[in-house]
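A, B, ... follow the sequence lines: proteins, then strands. Residue 1 opens every chain.
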Protein chains: 4
Amino acid sequence: MSKGKIMLAAVEVFSENGYHRASMDEIALRAQVAKGTLYYNFPGKSQLFKAIVKEGFEKVMVRIQADLTAPIPLKEKILLTVRHHLHLFLDARHFSHIAFNELSNGIEQDVLDELNTLKQRHLAFLAGILEEGKCEERYLRDFDANLAAAGIIGTLQHMCQYYLSHQDRYAREELERDAFMMISEGLFNKVE
Amino acid sequence: MSKGKIMLAAVEVFSENGYHRASMDEIALRAQVAKGTLYYNFPGKSQLFKAIVKEGFEKVMVRIQADLTAPIPLKEKILLTVRHHLHLFLDARHFSHIAFNELSNGIEQDVLDELNTLKQRHLAFLAGILEEGKCEERYLRDFDANLAAAGIIGTLQHMCQYYLSHQDRYAREELERDAFMMISEGLFNKVE
Amino acid sequence: MSKGKIMLAAVEVFSENGYHRASMDEIALRAQVAKGTLYYNFPGKSQLFKAIVKEGFEKVMVRIQADLTAPIPLKEKILLTVRHHLHLFLDARHFSHIAFNELSNGIEQDVLDELNTLKQRHLAFLAGILEEGKCEERYLRDFDANLAAAGIIGTLQHMCQYYLSHQDRYAREELERDAFMMISEGLFNKVE
Amino acid sequence: MSKGKIMLAAVEVFSENGYHRASMDEIALRAQVAKGTLYYNFPGKSQLFKAIVKEGFEKVMVRIQADLTAPIPLKEKILLTVRHHLHLFLDARHFSHIAFNELSNGIEQDVLDELNTLKQRHLAFLAGILEEGKCEERYLRDFDANLAAAGIIGTLQHMCQYYLSHQDRYAREELERDAFMMISEGLFNKVE
DNA sequence: GATGAATGAGCTTTCATTCAT
DNA sequence: AATGAATGAAAGCTCATTCAT
């Protein structure tokens with residue numbers, strides 16, 4: 001059907017040009033359907049955008065959740081989560097670019113609202129893992145879990161972004177190691 | 001003169017609406033000048049945007065640098081830097097929103113390029129501080145300084161963003177404490 | 001379809017107002033289509049202009065060529081050509097006004113270039129007829145055929161222009177007679 | 001004074017860009033005066049344009065007239081006139097480009113009217129010379145003098161234009177010879 | 001289900017002109 | 001006599017959306 005082709009094309013076009021510069025013409029062209037077909041399948045540009053981000057977030061969370069059902073130690077869980085997000089920010093770059101850069105202002109309010117909800121849910125999901133760790137293992141510092149989750153996402157996103165524009169300088173293992181260290185142990189040596 | 005009024009209005013409008021939804025009409029209206037005056041003072045929308053971000057980055061860096069000239073211990077320096085960035089992301093929200101959310105795609109390439117340069121410079125500036133700490137005090141873990149700097153900015157930005165949309169739930173001190181802890185010591189207790 | 005309506009309206013508007021004063025709004029109005037329709041059918045103002053002139057030149061040359069295929073004497077050919085150009089400058093006034101007056105500066109360079117090419121081709125076409133006459137009938141003076149062709153067009157254009165702004169004073173036959181005489185025999189009597 | 005500088009600059013700018021693309025900014029820049037100064041010296045763009053063309057036409061006619069006062073034979077007079085116009089179209093290219101290409105439509109009506117008057121006067125002046133020849137020397141064919149004058153100007157203008165864009169192919173003497181021949185004797189040999 | 005010609009609101013930009021100095 | 005910051009009307013163009021087929 002057309003719906004799939006359109007969504008695939010739309011992810012690309014939105015991520016390459018940003019929400020506003022992405023034109024329905026371009027998406028139709030890339031999806032090899034007529035412009036009218038876009039409107040036959042989606043109510044409008046903003047709803048198409050919404051559909052894409054929603055689907056993307058759901059896929060990601062399902063995948064992570066599947067990996068975390070097994071009862072593994074917290075540290076392991078966090079390492080896994082970090083890996084998943086590296087994958088998200090590096091390999092599913094099209095989607096993550098849309099989801100994390102294009103959600104600021106300048107988009108129809110209703111879309112923005114729903115997308116923020118999705119991001120909140122994602123955050124809450126991460127926070128849940130942390131909370132769990134805090135209760136069960138009294139292993140974690142006394143953070144607010146939501147703030148900490150936000151911090152983690154931020155760390156990963158920006159490190160990946162930097163990595164992507166300087167791929168020649170680093171190996172992916174370095175990135176992974178530094179990211180995990182940063183998140184789990186912070187900047188300072190605990191020597192003293 | 002008009003130039004100042006325009007830049008002030010433009011920061012607001014850009015941050016409220018994003019680059020593309022911000023219209024020159026609105027900026028002119030807000031600055032209480034005629035539309036032509038915008039073009040008398042700036043070559044065009046993208047250059048106006050560029051001018052604003054540039055000026056903002058420069059101000060921020062000058063302010064931080066001024067605070068860090070005194071020979072204070074690294075931990076102190078980082079605390080200070082964190083505070084400055086909290087200020088940036090919370091109080092100079094208009095600017096930081098532009099500078100860190102609006103720099104994705106969909107903006108004229110030349111503007112994007114220069115703005116990325118500014119962000120790199122900002123990162124390099126932070127990395128410089130870390131590097132210094134690494135050399136002089138062998139206090140820091142063996143990170144790549146640039147990656148670490150990116151991680152720090154990311155942490156702060158996302159934590160602040162979360163904080164801003166849940167201001168009712170947290171006191172600023174909490175945010176500050178958690179942010180600093182997160183950055184300096186990471187998630188985990190070092191007990192065992 | 002709209003394309004035809006637009007071109008018809010555009011010829012009128014361009015010829016009445018000149019390229020720069022002709023506005024896309026006016027053309028759309030005259031063609032009874034929405035402004036967007038202009039841009040749906042043509043990439044922009046300059047390309048619309050180009051399309052019009054191109055089509056016009058082609059029509060003219062085809063018509064003349066069709067009349068000149070028969071093997072008639074040179075003098076006859078030239079008389080015919082003169083008649084065709086009188087028709088062009090007098091009856092297809094809208095088009096010829098565009099094609100011969102609006103091709104100066106102040107128009108997008110690429111359009112100008114192509115339009116000059118068209119004019120050159122038209123000239124070359126005339127020059128070809130003359131050249132033929134020179135070879136076959138050693139009837140013509142020893143002109144450079146291109147220069148002569150340019151001279152002929154110039155003569156006709158300016159005479160027609162003068163005639164058009166003083167139609168009350170002359171009959172069309174006078175114009176035709178004088179034009180042909182001027183071109184074929186020049187100012188002076190060959191009496192002596 | 002500024003007036004002179006402005007007119008000099010304006011001739012250049014108008015001829016390079018055409019009336020509409022020529023901007024008052026550019027003229028002011030080129031004349032090295034402030035924009036306000038243009039309006040101090042001339043009521044507006046169209047009046048500045050008018051002033052330039054008027055001055056130009058007057059200069060030309062004065063120069064020709066000065067050369068024709070002496071009682072020389074008609075043929076000589078016409079040769080001289082041709083030479084003067086070659087000079088006009090080739091060497092005073094800036095001015096003649098304005099005067100003969102930019103006078104179509106798309107210019108304020110009142111300016112257009114006056115400029116047409118100037119062109120008419122110029123034509124009438126040439127026609128006067130021809131008329132004289134017709135009466136005194138019964139040497140000329142029985143043309144309408146005005147139509148003939150228009151034809152002459154047209155011939156010269158177009159030949160010069162062609163020559164200018166193919167300067168590599170012709171010597172100026174060739175142009176002069178062909179132009180004079182064309183005008184005085186037409187295309188055909190009178191052998192028979 | 002799918003099409004694509006047509007739309008029109010809204011945008012950035014240009015530029016002749018004004019006027020306080 | 002000269003300036004130049006400021007103006008605002010008018011232009012070209014984009015693009016999400018509609019609708020008859």
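For A:S2, the side-chain contact (heavy atoms from CB on, under 4.5 Å) criterion is met by A:I6, A:V33, A:T37, A:N41, not counting sequence neighbours. Take D:D25 and apply the side chain to side chain donor-acceptor pair (under 3.5 Å) test, not counting sequence neighbours, and it matches D:K35. Scored by the ring-ring contact (aromatic ring centres under 6.0 Å, His included) test, D:H97 finds no partners at all (sequence neighbours excluded). By the ring-ring contact (aromatic ring centres under 6.0 Å, His included) test, C:F89 pairs with C:F100, sequence neighbours left out.
Between A:R30 and A:E16 there is a salt bridge, since a side-chain N of the basic residue sits under 4.0 Å from a carboxylate O of the acidic one. The residues D:K50 and D:E55 are annotated as not salt-bridged, no charged nitrogen and carboxylate oxygen being separated by less than 4.0 angstrom.
The side chain of B:S23 approaches E:dC11 more closely than any other nucleotide in the set E:dC11, F:dT17, F:dC13.
A distance of about 23 Å separates the P atoms of E:dG1 and F:dT21, rounded to the whole Å.
In DNA chain E, runs of at least 3 consecutive Watson-Crick or G-U pairs, each pair with both distances below 3.5 Å, span E:2-21 with F:2-21.
F:dA16 atom C1' lies 16 Å from atom CZ of A:F49, rounded to whole Å. One interatomic measurement links the two molecules: CG of D:D25 to C1' of F:dT7, which rounds to 13 Å at whole-angstrom precision. Regarding C:N17, its CG atom lies at a distance of 15 Å from the P atom of F:dA10, rounded to whole Å. Counting to the nearest Å, the C1' atom of E:dC15 and the OH atom of D:Y19 are 12 Å from each other. Residue D:R21 contributes atom CZ, which lies 8 Å from atom P of E:dC15 at whole-angstrom precision. Rounded to an integer number of Å, the gap from C:E26 CD to F:dA10 P is 14 Å. In this entry the distance linking CE of B:M24 with C1' of E:dC11 reads 11 Å, nearest Å. In this structure, D:I27 places its CD1 atom 11 Å from P of E:dT17, rounding to the nearest Å.
The CG atom of B:L88 lies 8.0 Å from the CZ atom of B:R63; values are rounded to the nearest 0.5 Å.
Residues C:N116 and C:Q120 bring no donor and acceptor atom of their side chains to less than 3.5 Å of each other. Side chain to side chain, A:Y19 and A:E108 meet the donor-acceptor criterion of an N or O pair below 3.5 Å.
Taking for each of C:G44 and B:S2 the nucleotide of DNA chain F with the nearest heavy atom, the 5'-most of the two is the partner of B:S2.
Among the protein residues, B:A28 comes within range of no part of the nucleic acid, since none of its heavy atoms lies under 4.0 Å from any strand.
Near DNA chain E, meaning a heavy atom under 4.0 Å from it, residues 29-43 of chain D has D:K35, D:Y39 in order of number.
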